[in-house]
Amino acid sequence: MTLDYTNSIPLHVQLKKIIEQKIYNGDYAEKIPSERELMDEHYVSRSTVRQSIEQLVRKGILVRKPGKGTFIAVRTINDWLGSLHSTSENIEKMGMAPGARLVASQEIELVGRLKEVSGLDKAHHFKRIRYANDIPMGIERHYYPVALGKKLSQFNLDEEAFYELLERELKVNTFQAEQEIRAGISTRDDSELLNIPEGTSIIIAERKITDVHGAFVEFERAYYRADMYSFKITLSRNSK
């Protein structure tokens with residue numbers, strides 16, 4: 001990606017996107033090049049470089065350390081496999097601000113694996129983009145029994161966590177989850193929502209939740225950026 005000097009988009013905006021993309025691609029490890037190095041590489045003024053960096057600092061992607069340089073502030077979100085937590089809870093535990101944007105809420109017919117896992121013919125489907133410090137880090141698709149989904153749709157799902165709504169407002173006692181994790185690559189549509197190149201490596205996590213009576217509550221299929229999300233588990237070895 002290079003700067004287009006004839007484009008109407010300001011150079012500092014173009015440069016910001018280039019730096020951000022290189023961070024997500026892993027081209028920069030701990031810190032970004034110096035202002036002088038960026039000026040020489042992209043043939044721009046110091047003010048242009050500083051404007052670009054300032055925008056990324058405000059977004060929480062970069063942090064300045066006087067006398068040392070400008071460092072990458074994006075942190076990997078660790079999700080403990082042995083406990084049931086919402087994405088918001090995991091993000092908060094990492095010291096980052098969680099966010100969400102609802103992009104779909106509708107009743108749908110289920111086929112194939114979704115029908116088999118849930119045992120439902122129809123479900124209420126929610127699709128949300130998840131953010132950490134305003135950075136898009138995942139896309140989550142939730143499937144609920146229609147009656148339960150309609151109740152959830154009455155709340156502001158840009159601000160509320162599903163698990164908290166289920167327990168606090170709807171008195172649903174979630175109890176157990178079965179989770180499967182695998183690698184995948186991002187589609188064109190999801191890549192645009194996550195601001196990553198099409199075909200980027202992602203983590204796909206599927207989770208089925210039941211209540212204390214064993215009844216189906218939710219099936220979630222989530223797509224997380226591999227550079228921002230990791231799973232951690234504690235193992236032990238019993239010696240005889």
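This is a predicted model, so every value here is computed, not measured.
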To the closest 0.5 Å, what do you measure between CG (L157) and CG (L102)?
5.5 Å
For R207 and I209, run side-chain contact (heavy atoms from CB on, under 4.5 Å): C-alpha distance rounded to whole Å, both residues' side-chain angles, the deciding distance at 0.1 Å, then the answer.
CA-CA 6 Å; R207 179 184 289 180; I209 299 176; 4.0 Å; yes
side-chain contact (heavy atoms from CB on, under 4.5 Å) assessment of S186 paired with I196:
CA-CA 8 Å; S186 61; I196 58 177; 3.9 Å; yes
Go through the steps for T70 and E35 under the test side-chain contact (heavy atoms from CB on, under 4.5 Å), then give the verdict.
CA-CA 9 Å; T70 305; E35 291 183 358; over 6 Å; no
Determine, for E54 against R58, whether the closest basic-nitrogen to carboxylate-oxygen distance falls under 4.0 angstrom.
yes
Any donor-acceptor N or O pair under 3.5 Å, side chains E140, Y224:
yes
Could you tell me whether E220 and K208 make a salt bridge, using a distance below 4.0 angstrom between a side-chain N and a carboxylate O?
no
To the nearest 0.5 Å, atom OG1 of T187 lies from atom CD of E192 at 9.0 Å
Which of these passes side-chain hydrogen bond (donor to acceptor under 3.5 Å, both in side chains) with Q55: H12, K17, K16?
H12
What's the separation between atom CZ in R64 and atom CG in L56, rounded to the nearest 0.5 Å?
9.5 Å
Below 4.0 angstrom, N of the basic side chain to O of the carboxylate: do K22 and E20 qualify?
no
Between R113 and E206, does at least one N-O distance fall below 4.0 Å, as a salt bridge requires?
yes
Ion pair R168/E160, N-O distance below 4.0 Å
yes
Does F71, at its CZ atom, have more than 12 non-hydrogen atoms belonging to other residues, nucleotides or ligands within less than 6.0 Å?
yes
Is there a donor-acceptor contact under 3.5 Å from the side chain of R130 to the main chain of G99?
yes
For residues F126 and F162, establish whether the separation of their ring centroids is below 6.0 Å.
yes
Could you state the interatomic distance from CD1 (I185) to CG (D190), rounded to the nearest 0.5 Å?
11.5 Å
side-chain contact (heavy atoms from CB on, under 4.5 Å) assessment of Y144 paired with H125:
CA-CA 7 Å; Y144 291 95; H125 167 237; over 6 Å; no
D211 side chain to N173 main-chain N or O, any donor-acceptor pair under 3.5 Å?
no
State, without any angle test, whether H124 and Q106 hold a side-chain donor-acceptor pair at a distance under 3.5 Å.
no
Please check this pair: side chain of K122 against backbone of P145, looking for a donor-acceptor N/O pair closer than 3.5 Å.
no
Gap separating the CD1 atom of I181 from the CD atom of Q179, nearest 0.5 angstrom:
4.5 Å
CG of L194 to CG of D189, rounded to nearest 0.5 Å, is 11.0 Å
